[in-house]
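Reviewing the structure listed below.
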Protein chains: 2
Amino acid sequence: MSITIKDVAKHAGVSIATVSRIVNNQPGFGKKTKEKVLKSIEELGYTPNAIARGLVGRETRTIGVLLPKVSGLFASKLLEGIETTARKEGYSVFVCHTDSKEDRSIQDLQVLKEKQVDGMIYASDQLSLAQGQLLEAMTCPIVFVSTQSLTHPFPYVKVDDYQAAYDGTSYLLTKGHEQIAFIGGEQDDLIAGKPRDKGFRQAMKDHGMPINEALMVYGDFRFQSGKKGLRQLLAAKTPFSAVFASSDEMAVGVLSEAYDKGISVPKDLAVLGYDNTMAAEMAIPPLTTIAQPLDDMGKQAVTLLLTIRENRGKAISNIEAEHEIVERKTVLLRKNTKGLFY
Amino acid sequence: MSITIKDVAKHAGVSIATVSRIVNNQPGFGKKTKEKVLKSIEELGYTPNAIARGLVGRETRTIGVLLPKVSGLFASKLLEGIETTARKEGYSVFVCHTDSKEDRSIQDLQVLKEKQVDGMIYASDQLSLAQGQLLEAMTCPIVFVSTQSLTHPFPYVKVDDYQAAYDGTSYLLTKGHEQIAFIGGEQDDLIAGKPRDKGFRQAMKDHGMPINEALMVYGDFRFQSGKKGLRQLLAAKTPFSAVFASSDEMAVGVLSEAYDKGISVPKDLAVLGYDNTMAAEMAIPPLTTIAQPLDDMGKQAVTLLLTIRENRGKAISNIEAEHEIVERKTVLLRKNTKGLFY
DNA sequence: CTGTTAGCGCATTCAT
DNA sequence: ATGAATGCGCTAACAG
């Protein structure tokens with residue numbers, strides 16, 4: 001049995017109300033009583049019970065985070081930003097990794113609701129119908145990070161993927177590359193996949209470059225699919241001097257595959273990534289990539305969440321996070337890179 | 001206001017006790033009543049309040065995890081193992097990233113206690129005195145993963161770092177390398193740092209190799225300190241043909257620095273890592289490393305935690321996780337690697 | 001300034 | 001098989 005407020009009250013010879021006031025720093029007690037009580041708390045080693053508090057106060061100072069995957073540089077960076085900010089604001093965070101499984105995410109939603117979280121951050125994939133309904137039925141505020149819902153108006157914080165891909169492509173074009181291969185995310189991913197694909201195509205078009213469908217391949221954002229992507233590209237026997245991968249992991253995958261094949265980056269081939277996770281920094285050569293401010297996005301997400309919570313308003317104010325190109329070593333001016341020709 | 005058991009009871013025309021029994025599958029209700037109640041629950045969209053349950057039932061089905069850092073492949077892999085197993089057992093997990101700061105970890109411990117977690121998994125660094133005392137005072141079971149306490153008898157699951165380092169060194173020796181450089185963790189880290197250092201030294205000694213202190217440098221397990229490590233080694237102007245880094249991140253750091261310096265791995269230099277995180281797989285060239293079964297260790301940790309909890313026994317049964325060497329591309333037979341000579 | 005009381009939502013006796 | 005009542009630990013009126 002743990003030691004409760006009652007024990008403290010008895011020990012200090014006061015009522016529990018007084019102890020409660022002192023613990024919560026509410027007005028209404030004398031200096032001497034305070035000392036007495038504080039001493040009792042100290043002596044008994046009293047710790048308030050947050051569960052009991054949560055029951056009466058109807059707030060748990062807890063938020064739930066749904067991630068498709070918690071290992072992986074992308075999600076963990078995001079999580080770190082979330083956790084850091086949440087702690088600063090006095091909140092704890094439940095992590096749920098849905099593994100992109102709908103049933104798991106539904107179970108998570110259920111559990112988080114039962115545990116009375118004060119808010120939820122959804123960083124998982126696209127919403128299914130069932131998930132959307134569950135989310136709608138939630139009484140706590142919810143914000144999306146690095147994703148959004150096309151069908152439900154939940155506030156989100158994310159970069160403009162279309163624009164970022166557009167800018168990245170333009171960057172490559174600016175560097176003189178004309179035959180650019182693209183490795184995208186899943187094609188049916190309307191949030192992180194499609195917009196980047198579109199941004200790429202539009203930039204090419206605006207610069208008067210034709211799109212060669214043989215140079216458009218798709219993966220799942222993971223390392224292995226980047227390797228596979230380059231293999232497919234190579235098999236297409238179509239010339240290209242640069243590849244734009246939709247994630248750093250995939251970009252590193254092409255670096256790895258290029259290494260296996262004896263293709264030198266950036267001399268033979270330019271590579272551009274997306275995310276700017278630690279993988280980009282650690283890559284050989286260090287990867288030029290489009291940065292998403294992941295930790296800041298995590299921070300923004302909880303800030304937004306708490307703001308909504310305070311205002312009790314469903315104030316749908318989305319936040320566009322800024323992307324930027326961080327230049328490292330994998331993209332050279334076209335004239336310095338040979339390109340892959342057949 | 002959310003909908004409670006009382007609402008269900010009223011709607012179904014029964015008492016809350018009956019509803020409670022049905023929800024918790026306890027004996028004592030008729031088939032017809034059950035249907036009635038279930039229907040009401042369905043119609044009203046009732047969700048039990050885990051906070052209230054926690055208050056009366058004195059268990060929250062929640063565990064707390066303390067990590068020094070949540071981004072980073074090492075911790076996130078561990079976390080994934082923990083979360084997956086916890087969920088399977090019906091538990092949720094609070095993540096706290098202590099950032100290796102003592103005050104933060106103390107704050108976390110405090111919060112987790114207030115939130116009445118059923119157990120804690122400590123994967124942070126060494127314990128300070130204050131932390132140790134706090135942990136001792138905790139009423140819930142605690143297990144350590146990938147670390148341990150020399151001063152407090154908490155059960156742990158970890159690999160035998162000494163032995164793993166010994167084996168890794170022997171492996172390098174077996175490959176014909178004789179001048180081996182070592183990049184360790186912080187020297188005052190008695191858990192993850194010192195034992196590996198010792199294992200390395202002992203293996204060298206047992207094989208009749210002298211230790212050259214100029215070839216022993218120390219970092220903080222992170223990428224940048226690996227880069228710096230190689231720089232220091234190079235500055236020492238002492239020949240060596242292999243380096244054994246105490247973490248994959250550091251090993252990749254040496255790969256990166258070697259690349260910058262035009263040193264070819266594995267032709268000029270062999271590199272051995274430690275952990276087998278995704279960084280090893282993604283490295284160029286793919287990194288030969290000593291694997292810690294991180295996800296399994298996470299799993300074991302929660303299993304151990306729950307076992308202790310059920311037995312109410314402080315049964316201190318530690319678990320030694322198995323390490324193994326996974327050979328990739330960074331270590332060649334000595335005769336095939338030139339080595340760095342001055 | 002301080003004590004008394006009434007719940008918060010639920011599981012659990014103890015009756016019936 | 002079911003209901004009424006008690007209390008988990010705490011905060012928030014409401015009295016003094």
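Note: hydrogens, waters and symmetry copies are ignored here, and every other heavy atom, side chains too, is used. Everything numeric here is computed off the predicted structure, so don't read it as measured data. Just so we're on the same page: letters track the sequence lines, and every chain starts at 1.
- Direction of the helix axis in the helix from C/dC1-D/dG16 to C/dT16-D/dA1 shifts by 40° between the two five-pair termini, rounded to 10°.
- Within the model, atoms OG1 of B/Thr85 and CG of B/Leu304 stand 12.0 Å from one another, a figure rounded to the nearest 0.5 Å.
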Inset, instruction - Give the C-alpha distance, both sets of side-chain angles, the deciding distance and a yes or no for salt bridge (Lys or Arg N to Asp or Glu O under 4.0 Å) between A/Lys39 and A/Glu35. - result: CA-CA 6 Å; A/Lys39 195 155 132 298; A/Glu35 279 170 20; over 6 Å; no
Protein-nucleotides 3-5 of chain C N/O pairs closer than 3.5 Å?
| unit_1 | atom_1 | unit_2 | atom_2 | d |
| --- | --- | --- | --- | --- |
| C/dG3 | OP2 | A/Ser15 | N | 3.0 |
| C/dG3 | OP2 | A/Ser15 | OG | 3.2 |
| C/dG3 | OP2 | A/Thr18 | OG1 | 2.8 |
| C/dG3 | O6 | A/Arg21 | NH2 | 2.2 |

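- Donor-acceptor pairing under 3.5 Å is recorded for the side chains of B/Ser92 and A/Lys115.
- If you measure from atom CD1 of A/Ile22 to atom P of D/dT11, you get 12 Å, rounded to the nearest angstrom.
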Legend entry - Worked verdict on A/Glu83 versus A/Arg87 for salt bridge (Lys or Arg N to Asp or Glu O under 4.0 Å): CA-CA 6 Å; A/Glu83 202 271 354; A/Arg87 119 172 3 230; 3.1 Å; yes
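- The distance from atom OH of A/Tyr122 to atom CG of A/Leu112, rounded to the nearest 0.5 Å, is 12.0 Å.
- Taking atom CD of residue B/Gln26 and atom C1' of nucleotide C/dT12, one finds them 8 Å apart after rounding to whole Å.
- When each of D/dG9, C/dC8, C/dC10 is scored by its nearest atom to the side-chain atoms of B/Lys6, the top-ranked nucleotide is C/dC8.
- Looking at heavy-atom distances under 4.0 Å, A/Pro48 makes contact with sugar-phosphate atoms alone, never a base.
- Residue-to-nucleotide proximity on DNA chain D shows that, of A/Thr47 and B/Phe29, the 5′-proximal contact is made by B/Phe29.
- Atoms CD1 (B/Ile5) and C1' (D/dT2) sit 14 Å apart, rounded to a whole Å.
- Of the candidates D/dT2, D/dT11, C/dT2, the closest approach to any side-chain atom of A/Arg53 belongs to D/dT11.
- Put simply, A/Ser20 has no side-chain N or O that comes within less than 4.0 Å of OP1 or OP2 on D/dC10.
- The listed nucleotides are C/dG9, C/dA11, D/dT11; the one nearest the side chain of A/Asn24 is D/dT11.
- If you check the side chains of A/Ser20 and A/Asn24, you find a donor sitting under 3.5 Å from an acceptor.
- Among the atoms of the strands shown, none is found under 4.0 Å from any heavy atom of B/Gly57.
- In this structure, A/Ile3 places its CD1 atom 14 Å from P of D/dC8, rounding to the nearest Å.
- The distance from the CD atom of A/Gln133 to the NE2 atom of A/His152 is 7.0 Å, given to the nearest 0.5 Å.
- Atom-to-atom, NZ of B/Lys36 to C1' of D/dT2 comes out at 10 Å; the value is rounded to the nearest Å.
- A salt bridge between B/Lys101 and B/Asp103 is absent, with no side-chain N of the basic residue lying under 4.0 Å from a carboxylate O of the acidic one.
- Taking atom CG of residue B/Leu55 and atom P of nucleotide D/dT11, one finds them 12 Å apart after rounding to whole Å.
- Nucleotide C/dC10 holds its P atom 11 Å from the CD1 atom of B/Ile51, rounded to whole Å.
- We find the CD-CZ distance between B/Glu102 and B/Arg104 to be 13.5 Å, quoted to the nearest 0.5 Å.
- In this pair, A/Phe154 and A/Phe144 present their aromatic rings parallel. The plane angle is below 30°, not in the 30 to 60° band.
- Rounded to an integer number of Å, the gap from A/Lys31 NZ to C/dT2 C1' is 18 Å.
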